[in-house]
Amino acid sequence: MNGPHDLGGQHGLGPIAPEKDEPYFHADWEKRALGITLSCGAFGAWTIDESRHARESLPPATYLAASYYEIWTRALETLLKRHGFVTQAELDVGQMLEKGREPKRVLKADMVAGVLAKGGPCDRPVQTPPRFVVGETVRTKNFHPDTHTRLPRYARAKTGVVEAVQGSFVFPDDNAHGRGENPQWVYTVVFDGGEIWGEGADPTLTVSIDAWESYLERV
Amino acid sequence: MAEHHHGHEDDHGHHEHDNRFTDMEARVKALETVLTEKGLIDPAAIDAIVETYETKVGPRNGARVVAKAWSDADFASWLKRDATAAIASLGFTGRQGEHMRAVFNAPDTHNLVVCTLCSCYPWAVLGLPPVWYKAPPYRSRAVIDPRGVLAEFGLELPAEKKVRVWDSTAELRYIVVPERPDGTEGFGEEELAALVTRDAMIGTGLALSPEAAR
């Protein structure tokens, strides 16, 4: 999706402004937003890919003006409504109006350490050997789906070199939309700065992405 | 942000909500209340998550990984080959550290990590990311103007040093192993770890010299 999240190479977004001795949270609501988001993720009702798509689907003006935990919160509201756990009316009044759907699992305090330690590994075996080999020159595809993808716009239709085969992983472009995990090989592909940014690019720069196999074609 | 109104605004005794903090406070409180009433979340679990990331999982985990790599060549080569397993051997596993990759700075190359698409970050070794890592300026510029970005962190690289930017577009999470500072011969792992900053492990900084750490 060519959404507001796909920021690589955009100009005019201002200075970085690192904060000295930055706290983990800048407000108490951010702590709750983190905990609520992770707790609801534990329902098992949606995937990380679907939640990323919910975030990148926010209107660009909202996305770019929001702090990160605000983006998380707004996307979480979308997911909770989409999957039948809450209604907009409930969010409007801030109380339960109907029971709603039951999740597979509710994260209780005594489960937190185990769930966080386990994480959500997304490597999956595939039956076919990798189509590309280390050292091979490849070209990224030129596509502009309005659905989720992890191929950034700046790295489309570019020629680079396969530096590593990283293993096989769940394919987000399908998994975000309920089409299954459909794992594919993932490759680290390295591009020269000049291939991506053209005239005036930093001659010492290389940029790499981790690309699913179906993002790539032979040159 | 004024387009959303919640019943909870009344709790604050007024209806003016023209700053984001107050609006988000109300919004998140409404969400937590609804979910708690439905039995979908456990507020004590939220406390436990927050406590984990405030006190247990943070950049010191990563600093221990780097210090061990500096002092133990076998560990360094394991880290290069299979960072997930090498890091797990120190007990650092879990959410946003499921699949790890370590990249090593060298005299001719400096590594910098970004996620241009969201905020992918190695939570298991660095904890929660800072605001700037998740914000548009860093995400947009790190891939096109890394030297300009580094300059804003006070880091001027020699012109001949190559810059290698890793855009974390899949589920691999990166940790940069900075170069070991001079004058640290004979340092133990603990002393070495004290020189490893969070920014050095993202690539927006270098490891501290022993003098600077004092």
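Sequence lines set the chain letters: A, B, ... in the order given, protein chains first and strands last, and positions in each chain run from 1. Source: prediction; values computed, not measured.
- Contacts between A/Leu97 and chain B at a heavy-atom distance below 4.5 Å are absent for every atom of the residue.
- Counting heavy-atom pairs closer than 4.5 Å to chain B, the top residue among A/Glu30, A/Glu90, A/Arg32, A/Gln10 is A/Arg32.
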Evaluation steps, side-chain contact (heavy atoms from CB on, under 4.5 Å), between B/Leu40 and A/Cys40: CA-CA 8 Å; B/Leu40 295 174; A/Cys40 292; over 6 Å; no
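- Within the model, atoms SG of B/Cys118 and CD1 of A/Ile71 stand 10.5 Å from one another, a figure rounded to the nearest 0.5 Å.
- The number of heavy-atom neighbours closer than 6.0 Å to NZ of A/Lys99, taken from other residues, nucleotides and ligands shown, is above 12.
- No side-chain heavy atom of A/Pro23 sits under 4.5 Å from any side-chain heavy atom of B/Glu54.
- Expressed to the nearest 0.5 Å, how far CG of A/Asp210 lies from CH2 of B/Trp166 amounts to 8.0 Å.
- Between B/His99 and A/Pro121 there is a side-chain heavy-atom pair separated by less than 4.5 Å.
- In this structure, A/Arg74 and B/Arg27 have side chains that are in contact, with non-hydrogen atoms separated by less than 4.5 Å.
- Counting only heavy atoms from C-beta outward, the side chains of B/Ser119 and A/Arg55 never approach each other to under 4.5 Å.
- Among all heavy-atom pairs drawn from B/Ala30 and A/Gly94, the shortest one is CB-CA, 3.8 Å.
- Ranked by heavy-atom pairs shorter than 4.5 Å toward chain B, the options A/Val186, A/Val86, A/Thr73, A/Leu38 are led by A/Leu38.
- Between A/Lys31 and B/Glu32 there is no salt bridge, since no side-chain N of the basic residue sits under 4.0 Å from a carboxylate O of the acidic one.
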Working for side-chain contact (heavy atoms from CB on, under 4.5 Å), residues A/Ile16 and B/Arg141: CA-CA 9 Å; A/Ile16 313 291; B/Arg141 287 174 52 208; 3.8 Å; yes
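- Note on B/Thr52, B/Val114, B/Asp47, B/Leu117: by heavy-atom pairs under 4.5 Å with chain A, the leading option is B/Leu117.
- If you tally non-hydrogen atom pairs under 4.5 Å between each of B/Thr93, B/Leu128, B/Thr36, B/Leu112 and chain A, the highest count goes to B/Leu128.
- Looking at B/Asp167 and A/Tyr154, their side chains come closer than 4.5 Å, going by heavy atoms from C-beta outward.
- Within the 4.5 angstrom heavy-atom criterion, no atom of B/Lys56 approaches chain A.
- Salt bridge status for B/Arg101 with A/Glu163: present, with a side-chain N to carboxylate O gap under 4.0 Å.
- Within 6.0 Å of the NZ atom in B/Lys161, the count of heavy atoms belonging to other residues, nucleotides or ligands exceeds 12.
- When each of A/Arg153, A/Met111, A/Lys108, A/Glu19 is checked for heavy-atom pairs under 4.5 Å with chain B, A/Lys108 comes out on top.
- Looking at heavy atoms from C-beta onward, A/Thr204 lies in side-chain contact with B/Arg147 at the 4.5 angstrom threshold.
- Other residues, nucleotides and ligands place no more than 12 heavy atoms under 6.0 Å from the NZ atom of B/Lys162.
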Residue pair A/Trp197, B/Val143: steps toward the side-chain contact (heavy atoms from CB on, under 4.5 Å) verdict: CA-CA 9 Å; A/Trp197 307 116; B/Val143 282; 3.8 Å; yes
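- Both the backbone and the side chain of B/Tyr53 come within less than 4.5 Å of a heavy atom of chain A.
- Contact annotation for B/Pro130: both backbone and side-chain heavy atoms come within less than 4.5 Å of a heavy atom of chain A.
- Chosen from A/Val112, A/Leu80, A/Leu151, A/Asp6, the residue pairing most often with chain B at heavy-atom distances under 4.5 Å is A/Val112.
- When the candidates B/Arg164, B/Glu37, B/Arg95 are compared by the number of heavy-atom contacts under 4.5 Å with chain A, B/Arg164 comes out ahead.
- No side-chain heavy atom of B/Val50 sits under 4.5 Å from any side-chain heavy atom of A/Tyr24.
- In this structure, no portion of B/Ala124 lies under 4.5 Å from any heavy atom of chain A.
- Interface residue A/Asp49: only side-chain heavy atoms are found under 4.5 Å from chain B.
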Audit row: A/His5, B/Cys115, side-chain contact (heavy atoms from CB on, under 4.5 Å) steps and yes/no: CA-CA 10 Å; A/His5 67 296; B/Cys115 173; over 6 Å; no
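- Taking every heavy atom of both residues into account, B/Pro136 and A/Leu13 meet most closely at CB-CD1, 3.8 Å.
- Under a cut-off of 6.0 angstrom, the local environment of CD in B/Glu190 is sparse, with at most 12 non-hydrogen atoms contributed by other residues, nucleotides or ligands.
- Within the model, atoms NZ of B/Lys134 and CH2 of A/Trp72 stand 7.0 Å from one another, a figure rounded to the nearest 0.5 Å.
- Contacts of A/Ile48 with chain B are made by side-chain atoms alone, with heavy-atom separations under 4.5 Å and no backbone atom involved.
- Of the possible polar contacts, one joining the B/Lys38 side chain to the A/Phe85 backbone as a donor-acceptor pair under 3.5 Å is found.
- Atom CD1 in A/Ile36 sits 5.0 Å away from atom CG in B/Leu31 (nearest 0.5 Å).
- Rounding to the nearest 0.5 Å gives a distance of 6.5 Å between CH2 of A/Trp212 and OG1 of B/Thr169.
- The CD atom of A/Glu70 sits 4.5 Å away from the CE atom of B/Met24 when rounded to the nearest 0.5 Å.
- Using a 4.5 Å heavy-atom cutoff, the side chains of B/Val28 and A/Tyr69 are not in contact.
- Among the candidates A/Ala201, A/Ala42, A/Ala17, A/Pro152, the residue making the largest number of heavy-atom pairs closer than 4.5 Å to chain B is A/Pro152.
- For the set B/Ala135, B/Gly97, B/Ala48, the entry with the most heavy-atom pairs within less than 4.5 Å of chain A is B/Ala48.
- In this structure, B/Glu25 contributes its side chain and A/Trp29 its backbone to no donor-acceptor pair below 3.5 Å.
- Under a 3.5 Å cut-off, the side chain of B/Ser140 and the backbone N or O of A/His11 do not form any donor-acceptor pair.
- Heavy atoms of A/Asp123 lying under 4.5 Å from chain B belong to its backbone as well as its side chain.
- Your options are B/Val131, B/Thr84, B/Leu35, and the one with the most heavy-atom pairs under 4.5 Å with chain A is B/Val131.
- Interface check for chain A: of the options B/Ile49, B/Ile46, B/Asp145, B/Asp42, the most heavy-atom pairs under 4.5 Å are formed by B/Ile46.
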Test salt bridge (charged side-chain N to carboxylate O under 4.0 Å, His left out) applied to A/Arg52 and B/Glu171, step by step: CA-CA 12 Å; A/Arg52 285 190 183 131; B/Glu171 300 300 338; 2.7 Å; yes
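- Contact count versus chain B (heavy atoms, under 4.5 Å) is highest, among A/Gly3, A/Pro18, A/Ser39, for A/Pro18.
- No part of A/Val170 comes within reach of chain B, as not one of its non-hydrogen atoms sits under 4.5 angstrom from that chain.
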